[in-house]
There are 2 protein chains.
Amino acid sequence: MTELEKGLSKLEMDVMRAFWKLDRATAREAYEALAETPDSKVEYTTVQTIVGRLEAKGAIERVKKVGNAWLYRALVTRKSIVGRLVDDVVALLEGASQPIVSHLVESGRLSREELLELERLIEKSKREGSDDGE
Amino acid sequence: MTELEKGLSKLEMDVMRAFWKLDRATAREAYEALAETPDSKVEYTTVQTIVGRLEAKGAIERVKKVGNAWLYRALVTRKSIVGRLVDDVVALLEGASQPIVSHLVESGRLSREELLELERLIEKSKREGSDDGE
DNA sequence: TTATATCTACCACGTTTGTGGTATTTGACA
DNA sequence: TGTCAAATACCACAAACGTGGTAGATATAA
(Lines give C-alpha, C1' and ligand atoms only; values in the text may rest on other atoms or scores of the structure.)
Protein backbone atom coordinates (compact mmCIF):
# COMPACT_ATOMS: atom_id res chain seq x y z
CA MET A 1 0.00 0.00 0.00
CA THR A 2 2.93 2.27 0.64
CA GLU A 3 4.10 1.48 -2.86
CA LEU A 4 1.21 3.61 -3.98
CA GLU A 5 2.51 6.74 -2.32
CA LYS A 6 4.43 7.72 -5.40
CA GLY A 7 1.27 7.70 -7.44
CA LEU A 8 0.36 6.07 -10.68
CA SER A 9 1.61 6.78 -14.14
CA LYS A 10 -0.51 8.05 -16.97
CA LEU A 11 -1.10 4.65 -18.53
CA GLU A 12 -1.74 3.11 -15.16
CA MET A 13 -4.42 5.71 -14.60
CA ASP A 14 -6.05 4.78 -17.88
CA VAL A 15 -6.20 1.16 -16.86
CA MET A 16 -7.55 2.08 -13.45
CA ARG A 17 -10.29 3.94 -15.23
CA ALA A 18 -11.38 0.66 -16.75
CA PHE A 19 -11.53 -1.05 -13.38
CA TRP A 20 -13.47 1.81 -11.89
CA LYS A 21 -15.90 1.80 -14.73
CA LEU A 22 -16.39 -1.94 -14.87
CA ASP A 23 -16.16 -2.50 -11.13
CA ARG A 24 -14.62 -5.92 -11.66
CA ALA A 25 -12.80 -6.93 -14.79
CA THR A 26 -10.25 -9.25 -16.28
CA ALA A 27 -7.17 -7.93 -18.01
CA ARG A 28 -8.85 -8.54 -21.33
CA GLU A 29 -11.97 -6.66 -20.34
CA ALA A 30 -9.85 -3.77 -19.18
CA TYR A 31 -8.03 -3.89 -22.49
CA GLU A 32 -11.29 -3.85 -24.39
CA ALA A 33 -12.57 -0.95 -22.35
CA LEU A 34 -9.43 0.96 -23.20
CA ALA A 35 -9.71 0.03 -26.84
CA GLU A 36 -13.17 1.52 -26.96
CA THR A 37 -11.93 4.98 -26.13
CA PRO A 38 -10.60 6.85 -29.14
CA ASP A 39 -6.87 6.90 -29.83
CA SER A 40 -5.91 3.94 -27.75
CA LYS A 41 -3.16 2.00 -29.38
CA VAL A 42 -1.96 -0.24 -26.62
CA GLU A 43 -1.68 -3.95 -27.17
CA TYR A 44 -3.31 -6.49 -24.96
CA THR A 45 0.03 -7.62 -23.62
CA THR A 46 0.83 -4.06 -22.66
CA VAL A 47 -2.33 -3.87 -20.63
CA GLN A 48 -1.41 -7.17 -19.03
CA THR A 49 1.88 -5.72 -17.94
CA ILE A 50 0.20 -2.65 -16.52
CA VAL A 51 -2.33 -4.78 -14.71
CA GLY A 52 0.52 -6.72 -13.16
CA ARG A 53 2.21 -3.54 -12.05
CA LEU A 54 -1.00 -2.17 -10.63
CA GLU A 55 -1.41 -5.33 -8.61
CA ALA A 56 2.18 -5.11 -7.43
CA LYS A 57 1.53 -1.56 -6.32
CA GLY A 58 -1.59 -2.60 -4.47
CA ALA A 59 -3.89 -0.50 -6.60
CA ILE A 60 -5.95 -3.52 -7.58
CA GLU A 61 -6.33 -7.06 -6.33
CA ARG A 62 -7.38 -10.42 -7.64
CA VAL A 63 -10.87 -11.39 -6.73
CA LYS A 64 -11.17 -14.87 -8.20
CA LYS A 65 -10.48 -16.91 -11.24
CA VAL A 66 -13.11 -16.90 -13.90
CA GLY A 67 -12.34 -19.43 -16.57
CA ASN A 68 -8.61 -19.31 -16.72
CA ALA A 69 -8.48 -15.58 -16.31
CA TRP A 70 -8.18 -13.51 -13.17
CA LEU A 71 -10.85 -11.09 -12.18
CA TYR A 72 -9.53 -7.93 -10.58
CA ARG A 73 -11.09 -5.10 -8.67
CA ALA A 74 -9.80 -1.69 -7.71
CA LEU A 75 -8.45 -1.16 -4.23
CA VAL A 76 -7.85 2.54 -4.54
CA THR A 77 -10.90 4.64 -5.06
CA ARG A 78 -11.32 7.02 -7.89
CA LYS A 79 -12.15 9.64 -5.32
CA SER A 80 -8.82 9.33 -3.55
CA ILE A 81 -6.86 9.50 -6.77
CA VAL A 82 -8.82 12.47 -7.98
CA GLY A 83 -8.27 14.15 -4.65
CA ARG A 84 -4.57 13.66 -4.88
CA LEU A 85 -4.39 14.94 -8.43
CA VAL A 86 -6.46 17.97 -7.66
CA ASP A 87 -4.30 18.73 -4.66
CA ASP A 88 -1.26 18.58 -6.90
CA VAL A 89 -2.81 21.17 -9.17
CA VAL A 90 -3.65 23.34 -6.18
CA ALA A 91 -0.01 23.16 -5.15
CA LEU A 92 0.97 24.21 -8.65
CA LEU A 93 -1.26 27.23 -8.13
CA GLU A 94 0.47 28.10 -4.88
CA GLY A 95 -2.64 27.22 -2.97
CA ALA A 96 -5.20 28.99 -5.09
CA SER A 97 -7.91 26.63 -6.18
CA GLN A 98 -10.36 29.02 -7.73
CA PRO A 99 -8.62 28.90 -11.15
CA ILE A 100 -9.47 25.24 -11.31
CA VAL A 101 -13.14 25.93 -10.99
CA SER A 102 -12.89 28.86 -13.35
CA HIS A 103 -11.44 26.58 -15.95
CA LEU A 104 -14.28 24.14 -15.53
CA VAL A 105 -16.95 26.77 -15.66
CA GLU A 106 -15.42 28.67 -18.53
CA SER A 107 -14.82 25.61 -20.63
CA GLY A 108 -18.46 24.73 -20.16
CA ARG A 109 -17.68 21.42 -18.57
CA LEU A 110 -20.04 21.91 -15.69
CA SER A 111 -23.57 21.11 -16.74
CA ARG A 112 -26.46 23.13 -15.44
CA GLU A 113 -27.30 20.34 -13.04
CA GLU A 114 -23.75 20.39 -11.76
CA LEU A 115 -23.85 24.13 -11.38
CA LEU A 116 -27.02 23.95 -9.34
CA GLU A 117 -25.61 21.15 -7.24
CA LEU A 118 -22.55 23.25 -6.75
CA GLU A 119 -24.56 26.20 -5.62
CA ARG A 120 -26.17 24.05 -2.99
CA LEU A 121 -22.75 22.86 -1.89
CA ILE A 122 -21.53 26.42 -1.65
CA GLU A 123 -24.49 27.52 0.42
CA LYS A 124 -23.92 24.64 2.76
CA SER A 125 -20.24 25.36 2.98
CA LYS A 126 -20.82 29.03 3.65
CA ARG A 127 -23.10 28.20 6.54
CA GLU A 128 -20.96 25.50 8.08
CA GLY A 129 -17.30 26.30 7.88
CA SER A 130 -17.63 30.03 7.83
CA ASP A 131 -15.58 31.06 10.82
CA ASP A 132 -12.07 29.84 10.21
CA GLY A 133 -10.33 32.73 8.57
CA GLU A 134 -10.59 36.45 9.01
CA MET B 1 6.76 23.43 -29.06
CA THR B 2 5.35 20.10 -30.10
CA GLU B 3 7.76 18.46 -27.71
CA LEU B 4 5.50 19.79 -25.00
CA GLU B 5 2.51 17.79 -26.13
CA LYS B 6 3.48 14.91 -23.91
CA GLY B 7 3.40 17.12 -20.88
CA LEU B 8 5.84 17.75 -18.10
CA SER B 9 6.97 15.46 -15.36
CA LYS B 10 6.39 16.07 -11.70
CA LEU B 11 9.79 17.58 -11.04
CA GLU B 12 9.58 19.65 -14.16
CA MET B 13 6.30 21.04 -12.88
CA ASP B 14 7.96 22.00 -9.62
CA VAL B 15 10.65 23.91 -11.45
CA MET B 16 8.08 25.59 -13.67
CA ARG B 17 6.37 26.74 -10.51
CA ALA B 18 9.51 28.67 -9.65
CA PHE B 19 9.58 30.38 -13.02
CA TRP B 20 5.94 31.29 -12.79
CA LYS B 21 6.35 32.66 -9.33
CA LEU B 22 9.52 34.62 -10.06
CA ASP B 23 8.55 35.63 -13.58
CA ARG B 24 12.20 35.58 -14.66
CA ALA B 25 14.86 33.59 -12.92
CA THR B 26 18.23 31.95 -13.24
CA ALA B 27 18.71 28.29 -12.56
CA ARG B 28 20.07 29.13 -9.16
CA GLU B 29 17.11 31.32 -8.29
CA ALA B 30 14.77 28.55 -9.34
CA TYR B 31 16.75 26.18 -7.19
CA GLU B 32 16.52 28.50 -4.22
CA ALA B 33 12.80 28.94 -4.71
CA LEU B 34 12.43 25.16 -4.68
CA ALA B 35 14.63 24.86 -1.63
CA GLU B 36 12.32 27.21 0.26
CA THR B 37 9.37 24.91 -0.02
CA PRO B 38 9.36 22.18 2.61
CA ASP B 39 10.70 18.74 1.78
CA SER B 40 12.72 19.66 -1.25
CA LYS B 41 15.88 17.70 -1.41
CA VAL B 42 17.07 18.26 -4.93
CA GLU B 43 20.58 19.44 -5.58
CA TYR B 44 21.39 22.50 -7.58
CA THR B 45 22.83 20.44 -10.39
CA THR B 46 19.60 18.48 -10.58
CA VAL B 47 17.68 21.68 -11.05
CA GLN B 48 20.14 22.68 -13.72
CA THR B 49 19.44 19.49 -15.59
CA ILE B 50 15.71 20.01 -15.32
CA VAL B 51 16.07 23.59 -16.49
CA GLY B 52 17.96 22.33 -19.51
CA ARG B 53 15.26 19.80 -20.26
CA LEU B 54 12.57 22.40 -19.89
CA GLU B 55 14.36 24.61 -22.36
CA ALA B 56 14.77 21.70 -24.76
CA LYS B 57 11.04 21.09 -24.50
CA GLY B 58 10.29 24.71 -25.19
CA ALA B 59 8.63 25.27 -21.83
CA ILE B 60 11.03 28.09 -20.97
CA GLU B 61 13.47 30.19 -22.92
CA ARG B 62 16.62 32.18 -22.29
CA VAL B 63 16.05 35.88 -21.98
CA LYS B 64 19.58 37.18 -21.56
CA LYS B 65 22.79 36.66 -19.72
CA VAL B 66 23.06 38.25 -16.35
CA GLY B 67 26.55 37.95 -15.00
CA ASN B 68 27.62 34.64 -16.35
CA ALA B 69 24.26 33.05 -15.71
CA TRP B 70 21.30 32.75 -18.00
CA LEU B 71 18.01 34.31 -17.13
CA TYR B 72 14.99 32.25 -18.17
CA ARG B 73 11.33 32.93 -18.47
CA ALA B 74 8.36 30.63 -18.86
CA LEU B 75 6.92 30.16 -22.31
CA VAL B 76 4.00 27.99 -21.27
CA THR B 77 1.49 29.64 -19.03
CA ARG B 78 0.43 28.23 -15.74
CA LYS B 79 -3.12 28.54 -16.97
CA SER B 80 -2.55 26.26 -19.91
CA ILE B 81 -0.82 23.63 -17.82
CA VAL B 82 -3.51 23.75 -15.18
CA GLY B 83 -6.13 23.46 -17.88
CA ARG B 84 -4.49 20.38 -19.27
CA LEU B 85 -4.12 18.76 -15.88
CA VAL B 86 -7.69 19.48 -14.94
CA ASP B 87 -8.89 18.08 -18.24
CA ASP B 88 -6.95 14.91 -17.51
CA VAL B 89 -8.76 14.56 -14.22
CA VAL B 90 -12.07 15.16 -15.94
CA ALA B 91 -11.23 12.35 -18.34
CA LEU B 92 -10.46 10.14 -15.38
CA LEU B 93 -13.96 10.93 -14.15
CA GLU B 94 -15.46 9.95 -17.49
CA GLY B 95 -16.40 13.52 -18.15
CA ALA B 96 -17.88 14.42 -14.81
CA SER B 97 -16.21 17.46 -13.39
CA GLN B 98 -18.39 18.15 -10.43
CA PRO B 99 -16.43 15.78 -8.14
CA ILE B 100 -13.43 18.03 -8.62
CA VAL B 101 -15.29 20.99 -7.26
CA SER B 102 -16.81 18.92 -4.51
CA HIS B 103 -13.35 17.94 -3.41
CA LEU B 104 -12.26 21.55 -3.30
CA VAL B 105 -15.31 22.70 -1.43
CA GLU B 106 -15.35 19.80 0.99
CA SER B 107 -11.68 20.03 1.79
CA GLY B 108 -12.20 23.68 2.56
CA ARG B 109 -9.71 24.84 -0.01
CA LEU B 110 -11.99 27.46 -1.47
CA SER B 111 -11.95 30.57 0.63
CA ARG B 112 -15.10 32.55 1.17
CA GLU B 113 -13.91 35.11 -1.35
CA GLU B 114 -13.37 32.36 -3.86
CA LEU B 115 -16.80 30.95 -3.17
CA LEU B 116 -18.41 34.31 -3.75
CA GLU B 117 -16.39 34.86 -6.89
CA LEU B 118 -17.46 31.43 -7.98
CA GLU B 119 -21.10 32.22 -7.41
CA ARG B 120 -20.76 35.21 -9.65
CA LEU B 121 -19.10 33.06 -12.29
CA ILE B 122 -21.91 30.55 -12.06
CA GLU B 123 -24.58 33.20 -12.41
CA LYS B 124 -22.83 34.53 -15.46
CA SER B 125 -22.42 31.09 -16.93
CA LYS B 126 -26.04 30.22 -16.33
CA ARG B 127 -27.15 33.30 -18.21
CA GLU B 128 -24.77 32.97 -21.13
CA GLY B 129 -24.30 29.38 -22.15
CA SER B 130 -27.69 28.19 -21.14
CA ASP B 131 -29.11 26.91 -24.40
CA ASP B 132 -26.82 24.17 -25.54
CA GLY B 133 -29.19 21.29 -25.27
CA GLU B 134 -29.50 19.22 -22.14
C1' DT C 1 45.74 40.32 -14.52
C1' DT C 2 45.19 36.61 -12.01
C1' DA C 3 42.56 34.06 -8.77
C1' DT C 4 38.29 32.15 -7.50
C1' DA C 5 33.62 31.46 -7.15
C1' DT C 6 30.05 30.37 -10.41
C1' DC C 7 27.97 29.02 -14.27
C1' DT C 8 27.25 26.17 -18.20
C1' DA C 9 28.06 22.07 -20.98
C1' DC C 10 28.13 17.40 -21.04
C1' DC C 11 28.08 13.02 -19.03
C1' DA C 12 26.55 9.06 -16.22
C1' DC C 13 23.49 5.95 -14.24
C1' DG C 14 19.82 3.69 -11.72
C1' DT C 15 14.67 3.55 -11.85
C1' DT C 16 10.22 3.94 -13.86
C1' DT C 17 7.33 3.82 -17.71
C1' DG C 18 5.67 2.42 -22.21
C1' DT C 19 5.56 -1.19 -25.15
C1' DG C 20 5.29 -5.69 -26.60
C1' DG C 21 7.22 -10.50 -27.35
C1' DT C 22 7.68 -15.61 -25.98
C1' DA C 23 6.92 -19.62 -23.53
C1' DT C 24 4.15 -22.20 -20.70
C1' DT C 25 -0.06 -23.31 -18.40
C1' DT C 26 -4.88 -24.22 -18.39
C1' DG C 27 -9.77 -24.22 -19.04
C1' DA C 28 -13.20 -25.70 -22.31
C1' DC C 29 -14.99 -28.28 -25.94
C1' DA C 30 -15.21 -31.68 -29.54
C1' DT D 1 -9.18 -37.13 -23.24
C1' DG D 2 -6.64 -34.75 -26.40
C1' DT D 3 -6.28 -30.30 -28.74
C1' DC D 4 -6.47 -25.57 -28.99
C1' DA D 5 -7.59 -20.96 -27.99
C1' DA D 6 -6.58 -17.92 -24.49
C1' DA D 7 -4.60 -16.50 -20.22
C1' DT D 8 -0.63 -15.94 -17.35
C1' DA D 9 4.26 -15.71 -16.24
C1' DC D 10 8.37 -13.92 -17.43
C1' DC D 11 11.50 -11.42 -20.34
C1' DA D 12 13.34 -7.55 -22.94
C1' DC D 13 14.32 -3.03 -24.11
C1' DA D 14 14.06 1.79 -25.44
C1' DA D 15 12.66 6.25 -23.71
C1' DA D 16 11.83 9.28 -20.02
C1' DC D 17 12.83 10.66 -15.27
C1' DG D 18 15.30 11.66 -11.06
C1' DT D 19 19.58 12.51 -9.52
C1' DG D 20 23.96 14.28 -9.42
C1' DG D 21 29.00 14.52 -10.91
C1' DT D 22 33.01 16.70 -13.59
C1' DA D 23 35.42 19.71 -16.64
C1' DG D 24 35.96 23.76 -18.76
C1' DA D 25 34.39 28.66 -19.55
C1' DT D 26 33.81 33.24 -17.36
C1' DA D 27 32.57 37.26 -14.78
C1' DT D 28 34.01 39.84 -10.90
C1' DA D 29 36.97 41.15 -7.28
C1' DA D 30 41.51 41.85 -5.43
Side-chain angles (χ1 to χ4, degrees), chain A residues 2-19 22 24-35 37 39-72 81 85 88, chain B residues 2-19 22 24-35 37 39-73 81 85 88 92:
Chain A
T2 32
E3 187 65 86
L4 265 176
E5 294 311 310
K6 281 170 289 186
L8 305 175
S9 75
K10 188 76 188 58
L11 222 197
E12 286 168 346
M13 292 282 189
D14 285 341
V15 175
M16 283 309 295
R17 233 175 76 218
F19 287 110
L22 302 175
R24 275 128 207 269
T26 62
R28 176 156 297 274
E29 287 165 342
Y31 162 71
E32 282 161 0
L34 279 219
T37 67
D39 64 277
S40 89
K41 40 177 166 294
V42 278
E43 287 304 303
Y44 171 57
T45 47
T46 300
V47 174
Q48 277 185 320
T49 299
I50 301 300
V51 166
R53 288 179 188 171
L54 284 174
E55 198 208 351
K57 288 187 177 184
I60 61 177
E61 75 172 356
R62 292 177 166 181
V63 177
K64 65 170 182 179
K65 265 212 162 183
V66 47
N68 65 343
W70 280 104
L71 197 66
Y72 295 85
I81 295 290
L85 292 177
D88 284 349
Chain B
T2 32
E3 188 64 86
L4 266 175
E5 294 311 309
K6 281 170 286 184
L8 304 175
S9 75
K10 188 77 189 59
L11 222 199
E12 287 168 345
M13 292 282 190
D14 284 341
V15 175
M16 282 310 295
R17 233 174 77 217
F19 287 111
L22 303 176
R24 275 130 207 267
T26 62
R28 177 157 297 274
E29 286 165 343
Y31 163 70
E32 282 162 0
L34 280 219
T37 68
D39 63 276
S40 90
K41 40 176 166 296
V42 278
E43 288 304 305
Y44 172 57
T45 47
T46 301
V47 174
Q48 277 185 321
T49 299
I50 301 300
V51 166
R53 288 180 187 169
L54 284 174
E55 198 209 349
K57 287 187 175 184
I60 60 177
E61 75 171 356
R62 292 176 167 183
V63 177
K64 65 170 182 181
K65 265 214 162 179
V66 47
N68 65 343
W70 280 104
L71 195 67
Y72 295 85
R73 81 184 164 96
I81 295 290
L85 292 176
D88 284 348
L92 210 64

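Order of the sequence lines sets the chain letters (A, B, ...), proteins ahead of strands, with each chain counted from 1.
The listed nucleotides are dG18(D), dT8(C), dG18(C); the one nearest the side chain of Leu11(A) is dG18(C). Comparing dG20(C), dC17(D), dT8(C) by their nearest atom to the side chain of Thr46(A) picks out dG20(C). Nearest to the side chain of Ile50(B), among dT19(D), dT8(C), dA7(D), sits dT19(D). Side chain of Arg53(B), nearest nucleotide from dG27(C), dC17(D), dT22(D): dC17(D). Residue Lys57(A) has its side chain nearest to dT17(C) when only dT8(C), dA16(D), dT17(C) are considered. Comparing atom distances between the Lys65(A) side chain and each of dG27(C), dA9(D), dT19(C) picks out dG27(C) as nearest. Among the nucleotides dG20(D), dA27(D), dA9(D), the one closest to the side chain of Asn68(B) is dA27(D).
For the pair Leu8(A) and Ala69(A), nearest-nucleotide mapping onto DNA chain C gives the more 5' position to Leu8(A).
Going from atom CD of Glu43(A) over to atom P of dT22(C) covers 13 Å, rounded to whole Å. For the pair Met13(A) CE and dT17(C) C1', the computed distance is 13 Å after rounding to whole Å. The distance from atom CD of Gln48(A) to atom C1' of dA9(D) is 9 Å, rounded to the nearest whole Å. In this structure, the CH2 atom of Trp70(A) is 14 Å from the C1' atom of dT25(C), given to the nearest Å. Between the OH atom of Tyr44(B) and the P atom of dA5(C) there is a distance of 16 Å, rounded to whole Å. Spacing between atom NZ of Lys10(A) and atom C1' of dT16(C) amounts to 16 Å, rounded to whole angstrom units. Rounded to an integer number of Å, the gap from Leu54(B) CG to dT19(D) P is 14 Å. One interatomic measurement links the two molecules: CZ of Arg28(A) to P of dG27(C), which rounds to 17 Å at whole-angstrom precision.
Side-chain atoms of Thr49(B) come within donor-acceptor range of the base of dG20(D), with a qualifying N/O pair under 3.5 Å. With hydrogens and angles ignored, no donor-acceptor pair under 3.5 angstrom links the side chain of Ser9(A) to the base of dG18(C).
More than 12 heavy-atom neighbours from other residues, nucleotides or ligands sit within 6.0 angstrom of NZ on Lys65(B).
Counting only heavy atoms from C-beta outward, the side chains of Leu92(B) and Met16(A) never approach each other to under 4.5 Å.
Within the nucleic acid shown, Thr45(B) comes within 4.0 Å of at least one base atom, counting heavy atoms only. Thr26(A) comes within contact range of no nucleotide atom at all, as no heavy-atom separation falls under 4.0 Å.
A donor-acceptor pair is defined here as one N or O able to donate and one able to accept, closer than 3.5 Å; no such pair exists between the side chain of Glu55(A) and the backbone of Gly52(A).
Here the CG-CD1 distance, from Asp14(A) to Ile50(A), works out to 9.5 Å after rounding to the nearest 0.5 Å. Atoms CD1 and CD, on Ile60(A) and Glu12(A) in that order, are 10.0 Å from each other to the nearest 0.5 Å.
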